[in-house]
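Here the structure comes first, spelled out in structure tokens, and everything after it is commentary.
Keep in mind the model is a prediction, meaning the values are calculated, not measured. For the numbers below, each heavy atom of this structure counts, side chains included, while hydrogens, waters and symmetry mates do not.
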Amino acid sequence: PVRPLIIAIDGPAAAGKGTLARRLATHLGLPYLDTGLLYRAVGRRVLDAGADPNDPAIAAAAARALVPGDLTRDDLRGPPADAAASAVATIPSVRAALLEFQRGFGRARGAVLDGRDIGTVVFPDATAKLFVTASPEARGRRRWLELQQRGVAAELAVVTAEVRARDAADAARATAPMKPAADAMLLDTTDLDPDGAFAAALQLLRPLLAPGN
Ligand code: CDP
Ligand code: CDP
């Protein structure tokens, strides 16, 4: 059977992964999966139950109980959901419960997936892997602007500190830490807008997407 086309996009918070992944998926005619939504939805379920997102048994049960409607909730963004997602994401049984869903999604028709461990754990044999970064200052500002646009009052310094803290936790955890795969191509979007990042990504991907590859 022909191997499905898998584009893995990893990197820290607000690097521009989702924006880029969505555009690449449209361009290539592939389905797109924002894997962060899975962890956010698990964290949300635990918070709704009034429980601690660091509790392995409760978080794993929440992961196994996920239904598609959980991923379209409108309360998956913002500081409480960010922190809860990052907490449940450290729990091996939570990651194991979400792994098969991600693999099944990609295997069906190929896909662009973005997250932290797509190129290292979920699809180590992906067709192409991008690790998208930007300076912590640029990423903090992007998250802060998003909150402003949603009418959420927040201080730039606080938002930037939260982004840094979550990146540090995601990179330091024992299970599936955020890190570039050995064969990932790096894309720094600090000085790129979404159009610029898309053009740069296409440039990087071109050799791997060429016919015959
Ligand atoms: O998925 P990830 O958290 O990595 O980032 P995103 O949600 O794609 O982008 C975070 C914010 O930065 C969005 O509001 C984007 O419009 C913005 N952005 C940007 O300013 N420049 C880029 N090259 C990419 C995204
Ligand atoms: O949009 P942003 O980049 O801020 O975060 P996200 O991609 O929605 O991911 C939220 C959290 O889920 C991350 O901080 C990670 O702790 C976790 N996550 C993960 O561990 N593995 C993934 N493949 C995706 C997200």
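- Applying the side chain to side chain contact (heavy atoms under 4.5 Å, CB included) criterion to A126, with sequence neighbours excluded, gives I6, A8, F123, K129.
- The number of heavy-atom neighbours closer than 6.0 Å to CD of Q148, taken from other residues, nucleotides and ligands shown, is above 12.
- Scanning all heavy atoms of the two residues, the minimum distance from A134 to A138 falls at CB-CB, 4.5 Å.
- The OG1 atom of T127 lies 10.0 Å from the CG atom of L205; values are rounded to the nearest 0.5 Å.
- Partner of I7 under the side-chain contact (heavy atoms from CB on, under 4.5 Å) criterion, chosen from L28, L20, I118: L28.
- Listed for the R116 side chain is no donor-acceptor partner under 3.5 Å among the backbone atoms of A171.
- Between P31 and G110, the shortest heavy-atom contact is CD-O, 3.2 Å.
- Between L113 and K17, every side-chain heavy-atom pair lies at or beyond the 4.5 Å cut-off.
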Q: I would like to know whether Y39 and R95 meet side chain to side chain donor-acceptor pair (under 3.5 Å); could you show each step before the answer?
A: CA-CA 9 Å; Y39 295 91; R95 305 201 70 88; 3.2 Å; yes
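- Looking only at distances, a side-chain donor or acceptor of T190 sits under 3.5 Å from a matching main-chain atom of S135.
- Here the closest non-hydrogen pair linking D170 and S86 is OD1-OG, 2.9 Å.
- When each of D10, D167, D117, T120 is paired with M178, the side-chain contact (heavy atoms from CB on, under 4.5 Å) condition holds for D167 and for no other.
- Annotation: side chain of D55 is not in contact with side chain of V46 (no heavy-atom distance under 4.5 Å).
- The shortest distance between side-chain heavy atoms of T160 and R143 does not fall below 4.5 Å.
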Q) Between D82 and E162, does a side-chain contact (heavy atoms from CB on, under 4.5 Å) hold up when you go through it step by step? A) CA-CA 9 Å; D82 293 344; E162 282 171 353; 5.5 Å; no
(Q) Walk me through whether L186 and T133 qualify under side-chain contact (heavy atoms from CB on, under 4.5 Å). (A) CA-CA 7 Å; L186 300 186; T133 61; 5.6 Å; no
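- In terms of heavy atoms, V159 sits closest to G140 at CG1-O, 3.8 Å.
- Side-chain N or O atoms of W144 include one that pairs as donor or acceptor with a backbone N or O of A154 at under 3.5 Å.
- The environment of D125 atom CG is dense: over 12 non-hydrogen atoms of other residues, nucleotides or ligands sit within 6.0 angstrom.
- Judged by distance alone, the side chain of R73 and the main-chain N or O of A41 form no donor-acceptor pair under 3.5 Å.
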Q | Criterion side chain to side chain donor-acceptor pair (under 3.5 Å) on T35 and R40, from CA distance to verdict | A | CA-CA 9 Å; T35 67; R40 290 175 178 278; over 6 Å; no
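- Using a cutoff of 4.0 Å between basic side-chain nitrogens and carboxylate oxygens, D70 and R64 are not scored as salt-bridged.
- Counting heavy atoms from C-beta on, the side chains of V132 and D188 never come closer than 4.5 Å.
- Residues T90 and T175 form no side-chain contact, since every pair of their non-hydrogen atoms from C-beta on lies 4.5 Å or further apart.
- Remark: R109 CZ is loosely packed, at most 12 non-hydrogen atoms of other residues, nucleotides or ligands lying under 6.0 Å away.
- Enclosure of atom CD in E155 is not indicated, since only 12 or fewer non-hydrogen atoms of other residues, nucleotides or ligands lie within 6.0 angstrom.
- Across all non-hydrogen atoms, the minimal contact from P4 to G106 is CB-O, 4.0 Å.
- Ionic pairing of R142 and E137 is not present here: no N-O contact between side-chain nitrogen and carboxylate oxygen is shorter than 4.0 angstrom.
- Geometrically, R23 engages F198 in a cation-pi contact, judged by NZ or CZ lying under 6.0 Å from the ring centre and within 45° of the ring axis.
- The side-chain heavy atoms of R77 and R150, taken from C-beta on, include a pair separated by under 4.5 Å.
- By the 4.0 Å N-to-carboxylate-O rule, D114 lies too far from R22 to be salt-bridged with it.
- Side-chain contact between P136 and V163 is absent, with no heavy atoms from C-beta onward closer than 4.5 Å.
- Contact annotation: the side chain of F101 approaches that of L38 to within less than 4.5 Å [non-hydrogen atoms, C-beta and beyond].
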